[in-house]
Amino acid sequence: MSSSIIKLNTKNCQSCYKCIRECPVKAIEFKDNKAQVIPGECVLCGRCVECCPQNARILRDDLSQVRQLVGGDKPVYLSLAPSWVSWFRGKSFSAVSAALKRLGFCGVEETAIGAAECSRSYGELMRQGQMKNIIATACPSAVMLVERHYPELIKLLAPVSSPMMAHAKLMRESYGDIKVVFAGPCLSKMEESDDPLAGGMVNFALTFEALGRWLEEEGIELGEEDPEAVGVKSPVARLYPKPTGILKTMAPEDTAGYTPIAVDGPEKCIALLDSIRDEQPEGLFIEMNLCPGGCMGGPLLRMHHRNATLCEALLTERDQAQDRHVAGSAKMQSTYPRVFQNRAPQYEEISEEDIRRVLESIGKFGPEDELNCSSCGYPTCRDKAIAVLRGKADVSMCMPYLRQRAENISSMVIEHSPNAIIAFDEEMNVIELNPRAEEIYGVKRADVLGTFMAAFYGEDGFEQARESERPIEKKVYLDELGRSVEKSIVYIKEHRMYLAFVKDISEQQHQAQKLEEMRHHTVETAQKVIDKQMRVAQEIASLLGETTAETKVALTNLKRSMTEAQSEESR
């Protein structure tokens, strides 16, 4: 049902939690870094759609289905909520009727016809006196609030159909086999039209916005009057959209034995239901509207910046021109009891131990740590912990905890950085530095805060960083400190400050120098070895040359000697 009425545009959702903060019943779950409506808990008050700064909420639009319905083979009648005067401001009902008939509706009537029947049924209930308290409402959102969040009070809901359903039934009984479409400023009417327990008499519920868009797309303007426009039998029923509209239709004798009160707005409705549940009063006849200002403060009117108070002034109980021709459905009487159902979500029991475990996971070890700042969307840290346990929220939604954690991590990174980090204001005065900076420059934090550090006198990297809007890097030797350092200077324009990151490279420079010396020594040693080897080679070559000559002479003499000896023997 309501699952398809408010949808999420995942690309637009920025996880700001604003919709959770605004939702009076916290019917929004935060999953996959997106806030989505929980259909079974939503009461379709429209606040999440209205408040979203990124327009991440999309409303169901049945306009295409209604167009097909109107183009079908059965006549389609339109039930128009009395709050139409706030949307089609300054136009007569006759002009509105003519324009809507041009769209294809066979008949256009005001829902006030059904409202008159509802008031008659409420009067009978009070005269019977069988209910200790009666909650009377034309508001489906108020019904959903009770069914889904106060099931123990369902017995207080007056078993009377809504004006929309009552009127639809009267039209069907009057005009035969027809289709019925409703138009109003409400989102929850879409839910009611889908709900078989609500009556099942309305095929589709449109918003005034959808109706106006349809007229615009067809190029139909409101000017021509409808000579066959029909009115109502009880003009006072047109006051139903006001916060006290039902009570204004009741005669004093109708409410005998009951104390009539009216409440509007989700916070007031919730507070009253809490009190009734806890205090168990009796003898109340309660007119309840979830929207502040009643239907004149309906979601679509709020979204289009129609002021509820100014809109109320447009409602009148005086006879209108069309009332001289009373609609056929207004000449009939009919009752259609409303059936209600416990639709409260079922959650497992949550122990105090579970709640404490969640709270401790975000650094809240005692009541003094529970800020109850509502930045996560929930009124208290405990409410948020319960939402986490129910799968509706994520522990990471705690802004103070995340900020503190980020600050702690940043502080640790800065404090334990192996490099010096120094922050300067635009006048080059030190506004912060870390322990490594104290060590490298041989200063104490308390002594240099708010002052100019002599070690940076004459440093032109600051000006270069500001003018070029890019980091300036350089290697310098600090004579007074006997250190070689590598500096990176950054100008942060948004905060009008400089950051200097200084890395002590003295040891690296020393190691590089030693390596260079080692290389030079190695080269010299290698050259000496080469020179010596060359001398030895030359000496060996010389020695080898002399020995070879002597051997040649000796062998030659030996050969000659042996030859001569052989010759003598042969003789």
Exercise. Salt bridge between E29 and K34, side-chain N to carboxylate O under 4.0 Å?
Worked result: no
Exercise. Does E218 come within less than 4.0 Å of R67, counting only side-chain N to carboxylate O?
Worked result: yes
Indicate whether any N or O donor in one side chain lies under 3.5 Å from an N or O acceptor in the other, for [X] and [Y].
{"X": "Y378", "Y": "N372", "result": "no"}
{"X": "E225", "Y": "S92", "result": "yes"}
{"X": "W87", "Y": "E209", "result": "no"}
{"X": "S162", "Y": "E192", "result": "yes"}
{"X": "Y240", "Y": "T111", "result": "no"}
{"X": "S79", "Y": "H167", "result": "yes"}
{"X": "T249", "Y": "S119", "result": "yes"}

Problem set entry | Neighbour count >12 (heavy atoms, 6.0 Å) for atom CD, E216 | no
Exercise. Got more than 12 heavy atoms from elsewhere within 6.0 Å of NZ, K233?
Worked result: no
For this session: Check whether NZ of the Lys or CZ of the Arg K189 lies under 6.0 Å from the centre of the six-membered ring of F182 and within 45 degrees of that ring's axis.
Result: yes
